[in-house]
Amino acid sequence: MFSFDASARCAVRGDALPPGQRAVKGWPVSHYGPVPRFRSDRWNLQVFGATATGAKHAWTFDEIRKLPMTAVTADLHCASGTTTLGHEFFGVPASAVLDLAPPAPDVTHVMAWAEYGYSANMRLVDFTSEQTLLATHHNGEPLTVEHGFPLRLVVPHLYGYKGPKWLRGIEYMTRDRRGFWEERGYHNLADPWTEQRHSYQEDE
Ligand SMILES: Nc1nc2c(c(=O)[nH]1)N[C@H]1C(S)=C(S)[C@@H](COP(=O)(O)O)O[C@H]1N2
Ligand SMILES: [Mo]
């Protein structure tokens with residue numbers, strides 16, 4: 001048996017399409033449920049669960065905006081088969097969250113939480129990948145509300161459902177637990193290069 005590092009492979013391939021994907025123009029909007037309204041006085045990003053100190057961390061959007069930011073170029077692959085190429089996202093690297101709010105040593109997974117209870121689980125290594133970003137901007141403009149304003153997780157090396165729009169929380173976990181689509185038949189890992197779309201494939 002051997003395995004690839006999906007993110008490294010993606011970077012090497014440039015704008016190549018993962019198997020079974022077709023490129024579409026523009027940037028279609030797709031999500032489950034309504035688009036939440038942003039209320040700056042009520043909004044925060046919380047980091048909770050198995051933190052190193054046991055304490056919960058919370059930042060307002062003004063505090064988030066003052067954190068060091070970086071740009072990431074990414075393709076977005078929806079598990080239903082469409083890909084949009086060449087997005088430039090700008091925001092806080094997920095690894096910075098780990099520095100600001102360290103996890104306990106036995107943390108192996110994170111759950112990313114969005115408004116209305118949408119969630120996506122991933123391995124800690126996926127969250128700390130160099131490409132994973134808490135994005136505030138897209139192609140030089142603030143994210144539109146349909147695409148996740150004010151904050152959206154982007155995990156370029158996994159299918160789109162691993163990237164919650166309207167991100168509100170990061171939960172550190174000491175064991176894996178399935179998120180919203182992962183509980184509804186989608187693959188727990190979601191590597192587009194090996195077409196990990198459906199949960200029934202996990203038994204293969
Ligand atoms: N909060 C939330 N985030 C979400 C979703 C959702 O239903 N709710 N859908 C995901 C899926 S399946 C995809 S493919 C992308 C789509 O992002 P886009 O609308 O910006 O193209 O958002 C992801 N993030
Ligand atoms: Mo999707």
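First listed ligand is number 1; within each ligand, the first listed atom is number 1.
Looking only at protein heavy atoms, the nearest one to atom 16 (C) of ligand 1 is S30 O, 3.2 Å. Protein heavy atom nearest atom 19 (O) of ligand 1, with residue, atom name and distance: K165 NZ, 2.5 Å.
Looking at K165, its side chain does come within 3.5 Å of a backbone N or O of S30 through a donor-acceptor pair. Looking only at distances, no side-chain donor or acceptor of Y186 sits under 3.5 Å from a matching main-chain atom of F180.
Contact check on R178 versus E183 returns no salt bridge, with no Lys/Arg side-chain nitrogen under 4.0 Å from an Asp/Glu carboxylate oxygen.
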*Applying ring pair (Phe, Tyr, Trp, His ring centres under 6.0 Å), run through Y32 and Y118 and close with a yes or a no.*
CA-CA 9 Å; Y32 178 84; Y118 183 90; 8.3 Å; no
*Carefully, step by step, assess E182 and R177 under the rule salt bridge (Lys or Arg N to Asp or Glu O under 4.0 Å).*
CA-CA 9 Å; E182 295 82 0; R177 218 169 69 224; over 6 Å; no
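Contact atoms of ligand 1 toward Y161: 10 (C), 11 (C), 12 (S) (distance under 4.0 Å to a heavy atom of the residue). Taking a cut-off of under 4.0 Å to the non-hydrogen atoms of C78, the atoms of ligand 1 that pass are 14 (S). Each of the atoms 3 (N), 24 (N) of ligand 1 lies under 4.0 Å from some heavy atom of P164. For ligand 1, the atoms sitting less than 4.0 Å from at least one non-hydrogen atom of Y32 are 6 (C), 7 (O), numbered in the order shown with element in parentheses. Interface atoms of ligand 1 facing H31, defined by a heavy-atom separation under 4.0 Å, are 5 (C), 6 (C), 7 (O), 8 (N), 9 (N). Taking every heavy atom of P28 and a limit of under 4.0 angstrom, the matching atoms of ligand 1 come to 18 (P), 19 (O), 21 (O).
Heavy-atom proximity to atom 17 (O) of ligand 1, evaluated over E115, H138, R152, H87, is greatest for R152. Comparing W166, Y118, Y159, W113 against atom 6 (C) of ligand 1, the shortest heavy-atom distance belongs to Y118. Heavy-atom proximity to atom 13 (C) of ligand 1, evaluated over A114, G160, G33, is greatest for G160.
Residue-environment remark: CD (Q46) exceeds the threshold of 12 foreign heavy atoms within 6.0 Å.
Annotation: H147 places an N or O atom under 3.5 Å from an N or O atom of ligand 1; distance criterion only. Between G163 and ligand 1, at least one N/O pair is under 3.5 Å apart.
At least one heavy atom of V29 sits closer than 4.0 Å to an atom of ligand 1.
In this structure, CG on L124 lies 10.5 Å from CE on M122, to the nearest 0.5 angstrom.
Side-chain heavy atoms closer than 4.5 Å link hydrophobic residues (I, L, V, M, F, W, Y) into clusters, and following such links, possibly through other members, connects F127 to V72.
Across H137, H147, H138, a single residue satisfies ring pair (Phe, Tyr, Trp, His ring centres under 6.0 Å) together with F89, and that is H138.
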